[in-house]
Amino acid sequence: MTSKNLISRFSCLRQDFAASLVVFLVALPLCVGVAVASGVPAELGLVTGIVGGLVTGLMRGSSLQVSGPAAGLTVLVFEAVKEFGLPALGVIVLASGLLQVAMGLLRLGRWFRAISVSVVEGMLAGIGLVLIAGQLYPALAVKAPDSGLGKIAGLPGAFLDALGDGRAVASLAVCAGTVAVLLLWKHLPAKARTLPGPLAAVGLATVAAFALDLPMATVEVQGLLGSVQPPPLSAFGELASAGLLGTIVAFTLIASAESLFSAAAVDRLHSGPRTEYDRELVAQGAGNTVCGLLGALPMTAVIVRSAANVQAGARTKASRVLHGVWLLLFAALLPDVLAHIPVPALAGILIHSGAKLVPVRALAVLWREHRGEALILAVTAVSIVAVSMFEGVLIGLAMAVVKTAWQASHVKLEVVDKGAGPVDAHLSGNATFLRLPKILDSLESLPRDRPVRLDLSGLHHLDHACRTALENWAERHSAAGTEPVRVTTPAR
């Protein structure tokens, strides 16, 4: 190996080492926060982050994308643990991982890019709304209702009850302070921003709670080995349940879509090797399979960590592997540090993350330019809040299919009649058998005692049924004693 290659490799390793520390500091509070919000031991979030670095990070797919527990799956995990119990979570994650591996090997990864973007954004928006509403309750030191609508409907009463409760006010103040730090952090000088915002916000909240001796809940610590509980054989009997199978499908589709959409976004942030979508799906599946065997949280690629990795100057996948090493060392050597973190501070982190999932500006632009897509996004989000994650996504997908079918059969007929001479009829759009009755009704109403010029050049598609029907209409119209109908056919 030449000295030039050695210098290049050393330079890459140095940059990857520095980037891995940044990603570790970003991932640490998020791993813990997602676990607590999901209703599982905090250490399980760290386990998923470790697997994301040491397993998925070593595999081929997207070289700079970082995986771990994601806020986007928090609501689904919480519902699954509540309904089926914590032991069944390992079964769900394991089955989802195996499905992802199978889909990757069958080269289905690229097809996830064909999912309607409005459905995916609506899904994330719905998750964000439920996440925000759900985390406001621990911020107020009270228990959250079970349903999404219940969480939102109960907020006014929870805030009113908090006004006379010193513990609730202190808890809300810490949560609000955490969100404020996250919002203001990006406006600080570059030197101050060397420390990632989430870690700084949690650190300041922890110091404030300790210094002021504020009465509030902190993270419960069980120890890394005490938290890792592989699913017992009895839990696999739940696979006969239709509800559990539906949850597995939801985990698989949502985690895969979020990971591959994240990969596309990360590819736009750097000029290095592009993502191999099928291999990335296999890598995500392998990571989730290991997480399932350990009874940990499911993983996806996380855009916040991935963007931090790229912006910190990472050059190879070594940075994400090393971030897993740092998480492992922290979980093994410093687990008691977690016990000092206030739960309201983690709620603030997740409220901030949930707000990022709600595309308010994008929705406004979409409403101006593509109202149908904006409607799909909004209905998907509202359905997830009102019903559940799985049904909400299905409703969104059904609306996208209906919209596509409507657009595929949309046709417009413009008639120009100057009162004398030929009548000009222009067809544009997609002429299919679904719109044939409307087309024929409009053509049959044209004057039969004057020549007609039928212009089909504006059609994007003309199916066989429509072509035959138009030819028959032209023959009938021409047989009335007028000039033959002149037809301008679409370009092939």
Side-chain angles (χ1 to χ4, degrees), residues 34 37-38 48 52 56 65 67-84 88-89 91-104 108-109 111-131 134 148 243-265 277 280-281 283-285 287-289 291-292 296-304 306 350 353-354 356-359 376-377 379-385 387-400:
V34 169
S38 300
T48 299
T56 304
Q65 182 162 254
S67 300
L73 285 175
T74 301
V75 176
L76 194 57
V77 173
F78 182 84
E79 291 177 354
V81 171
K82 181 183 69 176
E83 183 173 355
F84 304 108
L89 177 64
V91 176
I92 295 170
V93 178
L94 172 61
S96 299
L98 293 174
L99 275 177
Q100 285 181 306
V101 171
M103 289 190 300
L108 298 178
W111 290 101
F112 276 89
R113 302 171 71 186
I115 295 176
S116 169
V117 175
S118 297
V119 174
V120 175
E121 289 185 343
M123 172 192 76
L124 295 176
I127 292 169
L129 291 172
V130 176
L131 187 59
L244 190 84
L245 293 176
T247 302
I248 290 171
V249 172
F251 267 71
T252 305
L253 295 179
I254 294 170
S256 301
E258 190 170 342
S259 294
L260 297 184
F261 270 94
S262 173
Y277 286 90
E280 178 63 17
L281 193 54
Q284 294 293 327
N288 274 317
T289 300
C291 286
L297 291 172
M299 76 164 59
T300 72
V302 186
I303 188 63
V304 174
S306 303
L350 290 170
S353 298
K356 288 183 176 180
L357 296 177
V358 184
I376 291 172
L377 191 159
V379 170
T380 304
V382 171
S383 299
I384 286 172
V385 173
V387 189
S388 72
M389 172 76 67
F390 189 53
E391 285 83 354
V393 172
L394 289 180
I395 291 170
L397 288 173
M399 284 193 65

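By convention here, the first residue in the shown sequence is residue 1. No hydrogens, no waters, no symmetry mates; every other heavy atom, side chains included, goes into these values. Here the structure is a predicted model, which is why all the values come from computation and not from measurement.
Heavy atoms only, all atoms of each residue included: A125 and V358 are closest at O-CG2, 3.8 Å. Considering all non-hydrogen atoms of both residues, A400 and V119 come closest at CB-CG2, 4.0 Å. Among all heavy-atom pairs drawn from G68 and V302, the shortest one is O-CG2, 3.8 Å. A pairwise comparison of heavy atoms in L350 and L131 identifies O-CD2, 3.7 Å as the closest pair. For the residue pair G122 and T380, the shortest heavy atom distance occurs at C-CG2, 3.8 Å. Taking every heavy atom of both residues into account, A255 and L73 meet most closely at CB-CD1, 4.2 Å.
Within the 4.5 Å cutoff, no side-chain heavy atoms of T74 are placed close to those of S353.
Although no hydrogens or angles enter the test, the distance criterion places a donor-acceptor pair under 3.5 Å between the side chain of N288 and the main chain of M299. With hydrogens and angles disregarded, no donor-acceptor distance shorter than 3.5 Å links the side chain of T48 to the backbone of P69.
The CZ atom of F251 lies 9.5 Å from the CG atom of L244; values are rounded to the nearest 0.5 Å. The CD1 atom of I395 sits 9.0 Å away from the CD1 atom of I384 when rounded to the nearest 0.5 Å. One distance of note links CG of L260 with CD of Q100; it measures 8.5 Å at 0.5 Å rounding.
The only member of I248, L245, T252 that meets side chain to side chain contact (heavy atoms under 4.5 Å, CB included) when paired with I92 is I248. Partner of S38 under the side chain to side chain contact (heavy atoms under 4.5 Å, CB included) criterion, chosen from V81, L76, V77: V77.
Between the side chains of S259 and E280, no donor-acceptor pair is found at a separation under 3.5 Å. Under 3.5 Å, the side chains of S67 and Q284 contain a donor-acceptor pair of N or O atoms.
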